[in-house]
Amino acid sequence: MKAVKFGGTSMSTAESIKTVKRIVESDPERRFIVVSAPGVTTTEAKVTDVLISVAERKGADRVNSFATVKNRFIGICNGLGLEGFLDGDFRMIETVLPNADDGYIISRGEYLCAKLAARFLGYPFVDAAGIIKFHGGVYDDDTTETVCAPVLNGYKCAVIPGFYGSDEQGKTVIFPRGGSDISGAIVARAVNASVYENFTDVDGFMTSDPRVVPHAEPLDLLTYMELRELAYMGANVLHPESIFPARRANIPIHILNTFNAAAHGTMIVPTELFLSGKYKRKRRSVVTAVAGKRHFSSLYIDKSMTYAEVGFIRRVLGCFESLNIHVEHISSGIDSVTVVFSARERETADRLMCAVKKEVSPDRINLTTDVSLIAIVGHGMCRRRDVVARAVNRLSNADINLLLIDRSASEINIILAVSDNDFERALIALNGEFEI
C-alpha cells in the first residue's frame, strides 16, 4: 500500500488534476492521497497566498476577497465536470468567514481541493482536522498517532487535505508553509505504507541547485540524514520536517514528477538501511550533493584569556537568545568565538553588538554581513582525508575567500562560509571539484 501526496502545482488546474487521476489509477497500491491547495499558474496566484490576504482583512470584507478563491475552484470544478459540487462548502465557509480564525481561513484551499479530488477520484474524503492533532499550537505526534491510524484503517482508500489539523479545542491549526509534505508522511505512517510517494513538479533532488549549476544531475538515492542537511540548506524539494513520521516507521519516501512520468525521481531511505548495504546508489561519490543559503551574518568576538573564562560562550549566546536571534553555527579559538546567525536587520545587529559588549566586555568585536553558508553533504566524508583539502583548494583556485570552515562531529556535512557575492561561483566550483 502506498500513501501519495500531490503538491500545489499538481492540483493547480483541471488538466493537472486529470493527470493526477491517471497517476493514481495506474497503480492500485496508491490508496491514500494527500493534496495541497492549487498552486500558481501563468495567470493565477497560489490559493494559499490569496487566503493569507483574506485572513488579513476584517469582517464582511473577507467574504468579498474570498471570491477570488471561490472563482478559482469553480473553474477547476467546471473543467472536471463537477459543476456546482462545492457550492454548499462555499456557503458554509462564507457564513463563518467574518469571524473565523486565521488557521481555518488559510487552510480552506487544502480542504476544498481534497473535497473535489475525492469526488473526482471516487474516493472517500477524510478531514485532516479529525486525525492530525496539535496541542498549544504545536504538532502533537503522540496524540495524532493514537487517533490517525484507527480512523484511516477503517477505509480502503481516502483523500485527505494536507497542511492542517486541529487542537484540543477543535480550532484549526496549520503547519508551516510546505506542511502538506508533513501531512503526507503522517498518513503514510498511519496506514503503514510500503512507500510514501511525494509528487511535485521537479524530477527529484539534484546534486546542486540547477538554477545556479546548469550541469547539476538528479540524485537517485538519499538517506534521511542527507535529506535533513540538504533541505535545511536550501534544497526545497521536500519539507525537512516531513521525514520524522516516515523515519519512525522506516518508510522510504519517493520524490516523483507529476509531469514527467519517465523520471526515476529520488528515493529517500532509512540511513541505517543504506549504511548496512541494503540500498545502493547508481553514482559513486563520497560527496552526495552541495547546497547552500545566502544572507547570514557573523559576529567575531575576541577577548584575551577567553578559554579560562567559565561560561563565556553561554553568556554570548544568551545575548542572541534575549533578542530572539537564531544561531546557525559557532566556531571558537583560544581567545575568540565567531557566531553565524540569521538576522540581517541592521538595527537588530546593532542591538546584539551592544548586548555582547555589555555582557562580556570583548577586546574586539566585528560584524560581517552578507554571508553565505554552503554544505558539502555525503556519508563517510570523515574517513576521507582529502575532502576538506580539495574544497579549500578549489575555492582558492577560483579566487574565492573562505570566511569559515565548520567540520562538526557529524560524518556527513562540512559547512563553508563565503561572501554572498561569491555564493554562486562557489557552488559551481565545488560541484566541479567533486564531479557530482
K.L.:
Of all the heavy-atom pairs spanning Leu221 and Arg281, show the shortest one and how long it is.
P.N.:
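Smallest heavy-atom distance, with atoms named: O-NH1, 2.6 Å.
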
K.L.:
Has Asp399 got more than 12 heavy atoms of other residues, nucleotides or ligands less than 6.0 Å from its CG?
P.N.:
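Atom CG in Asp399 is not packed in, count stays at 12 or less.
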
K.L.:
Give the minimum heavy-atom separation between Val24 and Ile33, together with the two atoms involved.
P.N.:
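Heavy atoms only, the tightest pair is CG2-CD1, 4.0 Å.
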
K.L.:
Assign the ring pair Phe134 / Tyr139 to parallel, tilted or perpendicular, where the plane angle (0 to 90°) is split at 30° and 60°.
P.N.:
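Geometry flag for Tyr139 against Phe134: perpendicular rings.
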
K.L.:
Given Ser372, which partner from the list Asp420, Asp422, Asn421 fulfils the side chain to side chain donor-acceptor pair (under 3.5 Å) test?
P.N.:
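It is Asp420, the one option of Asp420, Asp422, Asn421 that forms the side chain to side chain donor-acceptor pair (under 3.5 Å) with Ser372.
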
K.L.:
Look only at the side chain of Arg30 and the backbone of Ile23, and say whether a donor-acceptor pair between them is shorter than 3.5 Å.
P.N.:
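At least one qualifying donor-acceptor pair exists.
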
K.L.:
I need the minimum non-hydrogen distance between Thr144 and Lys133, along with the two atoms involved.
P.N.:
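Smallest heavy-atom distance, with atoms named: OG1-N, 2.9 Å.
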
K.L.:
For the pair Thr223 and His379, evaluate side-chain hydrogen bond (donor to acceptor under 3.5 Å, both in side chains) and give the outcome as yes or no after the intermediate values.
P.N.:
CA-CA 9 Å; Thr223 68; His379 283 287; 2.7 Å; yes

K.L.:
Establish, yes or no, whether a centroid distance under 6.0 Å links the rings of Phe125 and Tyr111.
P.N.:
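Judged by ring-centre distance (under 6.0 Å), Phe125 and Tyr111 do meet the cut-off.
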
K.L.:
Looking only at non-hydrogen atoms, find the nearest pair between Ala291 and Leu427 and report the distance.
P.N.:
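Minimum heavy-atom separation between Ala291 and Leu427: C-CD2, 4.4 Å.
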
K.L.:
If we ignore hydrogens and angles and just use 3.5 Å, is the side chain of Arg394 paired with the main-chain N or O of Ala429 as donor and acceptor?
P.N.:
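Here the side-chain-to-backbone pair exists.
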
K.L.:
So Phe73 and Pro38, do their side chains get closer than 4.5 Å, heavy atoms only?
P.N.:
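The answer is yes; the side chains approach within 4.5 Å.
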
K.L.:
Hey, what do you get for CD (Glu226) to CD1 (Ile412), rounding to the nearest 0.5 Å?
P.N.:
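Reported to 0.5 Å precision, the distance equals 6.0 Å.
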
K.L.:
Give me the atom names and distance for the closest heavy-atom approach of Val126 to Ala158.
P.N.:
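Answer, listing the atom of Val126 first, then Ala158: CG2-CB, 3.8 Å.
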
K.L.:
Looking at Val213, is its backbone amide N or carbonyl O close enough to the side chain of Ser208 to form a donor-acceptor pair, meaning the two atoms are under 3.5 Å apart?
P.N.:
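Not a single qualifying donor-acceptor pair exists.
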
K.L.:
Who passes side-chain hydrogen bond (donor to acceptor under 3.5 Å, both in side chains) against Thr258, sequence neighbours left out?
P.N.:
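Here the qualifying residues are Ser10.
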
K.L.:
Run the side-chain contact (heavy atoms from CB on, under 4.5 Å) test on Val287 and Leu430 for me, step by step, so that the C-alpha distance in whole Å, both residues' side-chain angles and the decisive distance to 0.1 Å come before the verdict.
P.N.:
CA-CA 10 Å; Val287 172; Leu430 291 169; over 6 Å; no

K.L.:
With heavy-atom distances below 4.5 Å as the criterion, would you say the side chains of Asp220 and Met267 are in contact?
P.N.:
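Sidechains of Met267 and Asp220: no contact.
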
K.L.:
Please step through side-chain hydrogen bond (donor to acceptor under 3.5 Å, both in side chains) for the pair Arg351 and Thr348, ending with a clear verdict.
P.N.:
CA-CA 5 Å; Arg351 292 169 59 200; Thr348 303; 4.9 Å; no

K.L.:
Going through the checks in order, is the side-chain contact (heavy atoms from CB on, under 4.5 Å) test met by Ser36 and Phe163?
P.N.:
CA-CA 7 Å; Ser36 298; Phe163 189 44; over 6 Å; no

K.L.:
Is the charged tip of Arg108 near the ring of Tyr164: under 6.0 Å from the six-membered ring centre and within 45° of its axis?
P.N.:
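The answer is yes, since Arg108 meets both limits relative to Tyr164.
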
K.L.:
Measuring only between side-chain heavy atoms, which start at C-beta, is Ile330 closer than 4.5 Å to Leu317?
P.N.:
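A side-chain contact exists here, since the closest heavy-atom pair is under 4.5 Å.
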
K.L.:
Would Phe6 and Phe199 count as a ring pair (Phe, Tyr, Trp, His ring centres under 6.0 Å) if you check the C-alpha gap in whole Å, the side-chain angles of each, and the deciding distance to 0.1 Å?
P.N.:
CA-CA 5 Å; Phe6 290 95; Phe199 281 84; 5.0 Å; yes

K.L.:
Cation over ring, Lys21 on Phe120, under 6.0 Å and within 45°?
P.N.:
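Satisfied, under 6.0 Å and within 45°.
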
K.L.:
Would you call Lys171 and Asp167 a salt bridge, taking side-chain N to carboxylate O under 4.0 Å as the test?
P.N.:
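Looking at Lys171 and Asp167, the cut-off is not met.
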
K.L.:
Under 6.0 Å from the ring centre and within 45 degrees of the ring axis: does the NZ or CZ of Arg247 meet both conditions for the six-membered ring of Phe244?
P.N.:
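Not satisfied by the 6.0 Å and 45° rule.
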
K.L.:
Would you say the side-chain atoms of Ser107 pair up with the backbone N or O of Gly103, donor to acceptor, closer than 3.5 Å?
P.N.:
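Yes, Ser107 side chain to Gly103 backbone: donor-acceptor pair under 3.5 Å.
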
K.L.:
Tell me, with the steps shown, if Val360 and Val316 meet side-chain contact (heavy atoms from CB on, under 4.5 Å).
P.N.:
CA-CA 7 Å; Val360 299; Val316 168; 4.0 Å; yes

K.L.:
With heavy-atom distances below 4.5 Å as the criterion, would you say the side chains of Thr368 and Tyr300 are in contact?
P.N.:
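No - every pair of side-chain heavy atoms lies 4.5 Å or more apart.
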
K.L.:
If you apply the rule salt bridge (charged side-chain N to carboxylate O under 4.0 Å, His left out), what do you find for Arg294 with Glu424, and how did you get there?
P.N.:
CA-CA 10 Å; Arg294 308 185 197 213; Glu424 294 188 357; 2.8 Å; yes

K.L.:
Counting heavy atoms not belonging to Glu321, are there more than 12 under 6.0 Å from its CD?
P.N.:
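Not more than 12 within 6.0 Å, no.
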
K.L.:
Parallel, tilted or perpendicular: which describes the rings of Tyr232 and His326, with under 30° parallel and over 60° perpendicular?
P.N.:
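Ring orientation, 0 to 90° scale: perpendicular.
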
K.L.:
Measure from the side-chain N and O atoms of Tyr196 to the backbone N and O of Arg189, and report whether any donor-acceptor pair falls under 3.5 Å.
P.N.:
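It does not hold such a pair.
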
K.L.:
Check the pair Ile268 / Leu238 against side-chain contact (heavy atoms from CB on, under 4.5 Å), numbers first and verdict last.
P.N.:
CA-CA 11 Å; Ile268 302 159; Leu238 185 72; 4.0 Å; yes

K.L.:
Taking the side chain as C-beta and beyond, is there a heavy-atom pair between His254 and Lys2 under 4.5 Å?
P.N.:
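Not touching, per the 4.5 Å side-chain cut-off.
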
K.L.:
So, for Leu116 and Cys77, which heavy atoms are closest and what is the spacing to 0.1 Å?
P.N.:
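Closest pair (atom of Leu116, atom of Cys77, distance): CD2-SG, 4.2 Å.
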
K.L.:
Are there over 12 heavy-atom neighbours, none belonging to Lys46, within less than 6.0 Å of that residue's NZ?
P.N.:
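Open: at most 12 neighbouring heavy atoms sit under 6.0 Å from NZ of Lys46.
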
K.L.:
If we only count heavy atoms from C-beta on, is the Thr207 to Val290 side-chain gap below 4.5 Å?
P.N.:
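No, their side chains stay 4.5 Å or more apart.
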
K.L.:
Do other residues, nucleotides or ligands put more than 12 heavy atoms under 6.0 Å from the CZ atom of Arg425?
P.N.:
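Enclosed.
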
K.L.:
Does Asn393 reach the main-chain N or O of Ala389 with its side chain, forming a donor-acceptor pair under 3.5 Å?
P.N.:
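No, Asn393 side chain to Ala389 backbone: no donor-acceptor pair under 3.5 Å.
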
K.L.:
Strictly distance-based, threshold 3.5 Å: is any side-chain N or O of Ser12 a donor or acceptor partner for the main-chain N or O of Thr9?
P.N.:
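Indeed, once roles are kept as given, a pair shorter than 3.5 Å links the two residues.
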
K.L.:
Is it true that Asp49 and Arg177 have a side-chain N and a carboxylate O under 4.0 angstrom from each other?
P.N.:
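Counted as a salt bridge, because a side-chain N and a carboxylate O are separated by less than 4.0 Å.
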
K.L.:
Give a yes or no answer on whether the side chain of Asp203 reaches the backbone of Ala263 with a donor-acceptor pair at less than 3.5 Å.
P.N.:
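It does not hold such a pair.
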
K.L.:
Side chain of Glu110, backbone of Ala37: donor and acceptor closer than 3.5 Å?
P.N.:
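Yes; at least one donor-acceptor contact below 3.5 Å.
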
